[in-house]
Every structure is written in structure tokens, then in C-alpha cells.
**Q** 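Encoded as C-alpha cells, here's the structure I'll be asking about.
Small disclaimer: the values here were computed from a predicted structure and weren't measured. Numbers restart at 1 for each chain; the letters A, B, ... are given by sequence-line order, proteins then strands. The figures here come from the full heavy-atom set of this structure, side chains too, leaving out hydrogens, waters and symmetry mates.
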Number of protein chains: 2
Amino acid sequence: MTTLDDFWAVIPAGGAGTRLWPLSRSTSPKFLHDLTGQGRTLLQATRDRLEPLAQDRFWVVTGAAHREAVVAQLPEVDPAQVVAEPSARDSMAAIGLAAALLERRDPEAVMGSFAADHVITDPAGFRAAVTTAVGAAREGWLVTLGIEPTFASSAFGYIHLGEALPGHDGAFAVAEFVEKPSPATAAAYLETGRYRWNAGMFVVRPGVLLDLLAQGDPEFAAALRGIAAEPGTLAQVWPQLPRIALDHAVAEPAAAAGRVVVVPAAFGWDDVGDVDSLATILGAAAGGSAVLGDADLVHALGGASGLVVPGSGRTVAVLGLEDVVVVDTPDAVLVTTRAHAQQVKDVVAELKRLGRDDLV
Amino acid sequence: MTTLDDFWAVIPAGGAGTRLWPLSRSTSPKFLHDLTGQGRTLLQATRDRLEPLAQDRFWVVTGAAHREAVVAQLPEVDPAQVVAEPSARDSMAAIGLAAALLERRDPEAVMGSFAADHVITDPAGFRAAVTTAVGAAREGWLVTLGIEPTFASSAFGYIHLGEALPGHDGAFAVAEFVEKPSPATAAAYLETGRYRWNAGMFVVRPGVLLDLLAQGDPEFAAALRGIAAEPGTLAQVWPQLPRIALDHAVAEPAAAAGRVVVVPAAFGWDDVGDVDSLATILGAAAGGSAVLGDADLVHALGGASGLVVPGSGRTVAVLGLEDVVVVDTPDAVLVTTRAHAQQVKDVVAELKRLGRDDLV
């Protein structure tokens, strides 16, 4: 794997991760945590797996409240390339701002945007897919990576593969992006072999991205280019930008216009969406056990299984509960089951309702 | 209820309470804790319910390590009447020492011995039963209180009622003490209406108790009386005393000899043996919920039920688990179910095996 001299990695580092409460907080979101127990946070691991391709060519876009932590976690990245969003405006504004900054700095570049809070177990496979994507992006395509589904998930959007792209082995036209399907529809998608998970990974020349945006919302694209030209206007312009996902603003209309390409790939991707997913990443099948942190602090007896996160230094004893989840932090402890993983966000909602912003 | 001028209350304050870990520790056993959430520890509540009968006539016998805490919790009791056992020698030595001390101080007295770590929800009913017992004890009987069973427990020994005692309404001869029965035998006992739980409560003149002991083990009785005569010999003599329960040393042989009387009673007794029992005491039927401590710290969602003890000041969120038990303390948290309450002692055994004496 050689570096790609024209490739820049963009890392949007946002998202609350409320289903990973109390590990993930608004003051310390998911990407700042080591959720694999391998000594690197999700943000650091995202940089690590891109570094062989991008070297020092990174843009990180994050909330103003997290910029200091991001800079501290990424000493290899020039702090000037860590951009603070004055407020959360969804992915189009965040990634579009990075595109506008990059367009001015290196108009011939190709950028690849990858969320800061995903786990990938095969970084070499990931880089091979990105390299293929960069080849297509150089020719003006908007390229996405399509994750090979490992089960009929109804939690992800899907990418419907079209024809193979001539001259680019491993790349296909995108017939369409489809929203999160019902479980039955997801199962039908898997049967065809022509659908991939949409992980929100895009590889594209910055000017192409902004021009595609301009086709639907010329003012939005102009505003982003205006900020890049005069960074001092960021705080004034930013609050007026639309809150919209890149998928809706650009990817879906561009696919309809035949402008999007997908590189299907399987590289052990997981978005660590909840504690059940976290348990799986840590090696616990249903009925199995995993510890994130110091295993010496955990004592499981009486057939206890599941996930324990001893995050406060205290001893955690679990007796006789299967597929239980215990997340221990200095100010809050969560006890639930893997089956209830999706509902953890209800706890966060309840705490917010009670005005406990200190805990969420 | 008037005071009984010849009545002294003896409170043996011992026992590890391992099934209530991590709330109860060897350094801070069950009786030092407020387990009813009413602002008094079990030890304090034991004194409170006896005070109308005994006024300031108490002997408390506890481990040397706990004497300071006991004295601090009982400012109403003369510290000279709080006796420290140099080591744990079971109930015969502890209660026998109190008997020997009392025999020298007030040979005509009647003593009643009641464990420091039981809960009684009807103190007036308890005092009425004790008063009946004192009447029989004055005539030289060894008197025990027999708790009306509320279910066919196989966790307690039983007292088999004999004939009514002439001249003492509410008192009966004890036919025999029987060990913890099988569930089927316990159910058969309940059918007869002639069996009561043995809660280890004894009312007796101190000289009678020591003389009964002397019939089986004259050296033991002499050793206890020797310590009372020369308290300076306690540390030297104590380690040589037999480790035996009062039931075995005195009550069972005395019952066989026709010397024991029982006062059957129902006054909401519970020995708070485990977290399931604790949940019941706090008002949670199966499927119900209880909090011991600050309920504002507990958030139960998704149909969660059971017992939560927020004992470290941290927020505890429970999602979707029925009849779960979460005990949160500053250095350890236990997660289990009410059905596994008896096995909590296995956690303590495991921690001891690992040399974690700091936690047990």
C-alpha cells in the first residue's frame, strides 16, 4: 500500500452516541473513547487506519466543545487542520466546509470522508477499497464505499448496485440509495446480492462535491466557499446553514442523475451503535462475555454473561444474569441487557426531561 | 407497656451478613446499616424497641473491631456495658459472657437476648411477647420466642410446641427444637399449626442459663463466670472457649429435659438474610420495586423492577430487567436477581479466594 499524494482524509467527528450512555456523553462523545480496548480511541484508530494513505493530509471537523480534546488526541495532525463547528449543522455543512477549505488549498485533491466513531477490523482491506474509490473519484465521480451486509439489518440504509464501472475493477454505478428498510425488505435485499450497507463514506474531489451541492442548493455551496475564502466569517455564516445530511443534500440526487459510484467491500465495519454491538465487537457472541477495561475488576458468577465496562475503578460483581450489560462510570451506572440496547437512548431522554444535563 | 425493673436486654451484635454484600462487609456488618430506610440502623432499632422495657439496662456484645462503631451508634448505652469479644466464638460464648456479667451485677435479674440485625415491624407486639416470656423466666424457665411462620421456609430451624404452661397465658412447653427442614417437611410443619420459627431469642435468668450450660460443659460455664469475676482475664481465657451456638450448647438439651418454654408470637419478624428478603422488607413484592436510599438517584425504565441500593451517591439506571438487584457502593457494585439472593455469598467467597480482603 503506497500513499496517494493527492488524497486528503476528512474526519467528521460528531454525533452524541446516546445509546452508549453512560460511557458516551455530550461532553465526551463516543469517538473520544477507546471502545475496542486496544489503547486507541475510535478517533485515533480512524486516523491510524488512514495515515498510510493520507500521511499528514487530514481535516477533522468537530464541535467547538470537543476541539481541544480532538487536538490532544491527535498530536500528529496540524491543529490548523482541526476545524471547530460553532454549532451542530449535520453532515453536509461539516463535510462541505472541509471540502471548501481543501478546494482552496489543493484544487486537484481527492478527499475521503470517514466518520470518527466507526470500528474497522481489516484496515488493509479498507485502504484497498479507498484506493479503488480514489481512482474513480479522480475522474469526477462521487464515490461511496458499500459495506457487504453480514445480516439483514433494518438499522442501516442500503446502496443498490448498478452496472460495473468500465476501467475501474471493483467499482459499480449506484442504482439508488434506499432508506432503512423493514426486516423483511432487508432480507429480500440480501437475497439479491446487489445491496450494500451505506456507511456514509464518500470519496470525491472537493469541487465535484460542492458543485453537486450547488445544483440543489446554490446558496449553501456558495456559503461554504465563502467561509473558506474568509474564515473570519465562520461564526456569522454558520448558524444560517441548512441542517441536512450529505446523503439527502447530494448523494441521493446525484445517484438519480447517474453521478455516483460504489466500491463494494468487506472490511469488518461496525458503527458501534449500541452496547449490543459493542459486546459483539469485543468478541462476545450471544450468551458470551466481554469486558471493556480492567478484567480484574469484574467477577461474573452463577452463569452470568454479557458485557461489563468497569469504568470507575470499582469492582463489579455480576451474579446469575445472562446477556446483561453493566456500564460503570464515576457518576452513573447503567444496568440493562443486550436485548434492550436500542432503548438506552430512552434513559438519556428521561434524564434530559428531568433536567439532568450534568449526566447526559 | 410498663418497664420491667428486673429485665436486662442483651444484644449480641455479630455475624458477617455475607449475603448482603457489598452493603454488609466484615469491617461494617449488617447491624451497623440502616436497611429499612427509616433513619436508624438495625442495631439502633433493636435498642429502640427494647428501651421501653429495659430503659438503660443493656449489654451489647460485639467484635473488638466493631466496638467503637457500636458505642458511637448507641449514645444512650453506657460504654461500660458494650463488651468487646477478642475474637468470634459463636453465640454461647457471647451471650454466656453477658449472662455471667449480669449474674454478678444483679443475680435476681431476667435477661432477654435479641440479635442486633433483625427487623421487627410490630415492636409493641414484640414487647408484649417479651413481657410474657419474662414472667415465665422469673420462675426459672429458659424461654424462647417462637415466630409464627408466614411461609414454609427451609432456611430456619423450628420449635415444636408442647402443652400450654399453666399460669402463663400464651406460653407453652417446647417439645423439641428441630433443624432447618426440607421444604416438604416445612410445609407439613405448617399444616399442624404446632411449629414456630426459631429466631434465636431467649429470655432467662442469667444463673439459670449458666447452670444449664454447666450441666453439659461445666468448664465452659466456669470459664465465663471466671471472666466476669476477673475481667482482666478475658483476653487470655476467651480464645480457649468452645465455638458453639447457644441452641446446641443449652437450648436443645434443656428442651429434651423439659426445661424450655416458648411464647408463640407474630410481630413482623425478618432476619434480613439476603437481598430478596431486604426487597420484601422495603415493600417490594415479586415484580415490584424498592429503593434503599435516595430514590432520586434511581431511574428504572422499560419495565425494570426489583431492588436498587444507590449507596455511593451515583445515579443508577436500570433498563428492562425484572426482579433485578443492584447494590451500588463506593468501591463495589453488585448486579444480580432476587432469585439469586442466596448465592451472593459465593461472590464473597470468590473475592476471599482471590485475596480481596479489602472488599469483603
**Q** Keeping A:R25 on the side-chain end and A:L359 on the backbone end, is there a donor-acceptor pair under 3.5 Å?
**A** yes

**Q** Nearest 0.5 angstrom please: B:S26 OG to B:D357 CG, how far?
**A** 7.5 Å

**Q** With a 4.5 angstrom heavy-atom cut-off, could you sort out which part of A:L301 is near chain B: side chain, backbone, both or neither?
**A** side chain

**Q** Assess, by modelled atom type and distance only, whether the side chains of A:S28 and A:H33 contain a donor and an acceptor separated by less than 3.5 Å.
**A** yes

**Q** Checking A:V326 against chain B: side chain, backbone, both or neither under 4.5 Å from a heavy atom?
**A** side chain

**Q** For A:E350, is it the side chain, the backbone, both or neither that has a heavy atom under 4.5 Å from a heavy atom of chain B?
**A** side chain

**Q** Sort A:H299 into side chain, backbone, both or neither according to what part of it lies under 4.5 angstrom from a heavy atom of chain B.
**A** side chain

**Q** Counting heavy-atom pairs under 4.5 Å with chain B, which one of A:D331, A:L297, A:V316, A:V318 comes out on top?
**A** A:D331

**Q** Using distance alone, with no hydrogens and no angle criterion, decide if A:R338 and A:T280 have a side-chain donor and acceptor under 3.5 Å apart.
**A** yes

**Q** Between chain A and each of B:V333, B:V308, B:V347, count heavy-atom pairs under 4.5 Å; write down the option with the most.
**A** B:V333

**Q** At a 4.5 Å cut-off on heavy atoms, which part of A:V325 comes close to chain B: side chain, backbone, both, or neither?
**A** neither

**Q** Please verify the inter-ring angle class for A:Y189 with A:Y195; under 30° counts as parallel, over 60° as perpendicular, anything in between as tilted.
**A** parallel

**Q** Using only atom types and a distance under 3.5 Å, with no angle test, would you say the side chain of B:D34 pairs donor to acceptor with the backbone of B:G39?
**A** yes

**Q** Heavy-atom pairs under 4.5 Å with chain A are the metric here; pick the option from B:L319, B:L321, B:T336, B:V324 that has the most.
**A** B:L319

**Q** Select, from B:D328, B:L354, B:V327, B:D346, the one with the greatest count of heavy-atom pairs under 4.5 Å involving chain A.
**A** B:D328

**Q** For the backbone of A:A332 and the side chain of B:T315, can you confirm whether one donor and one acceptor N or O come within less than 3.5 Å of each other?
**A** no

**Q** With only heavy atoms counted, which part of A:P22 is less than 4.5 Å from chain B, the side chain, the backbone, both or neither?
**A** neither

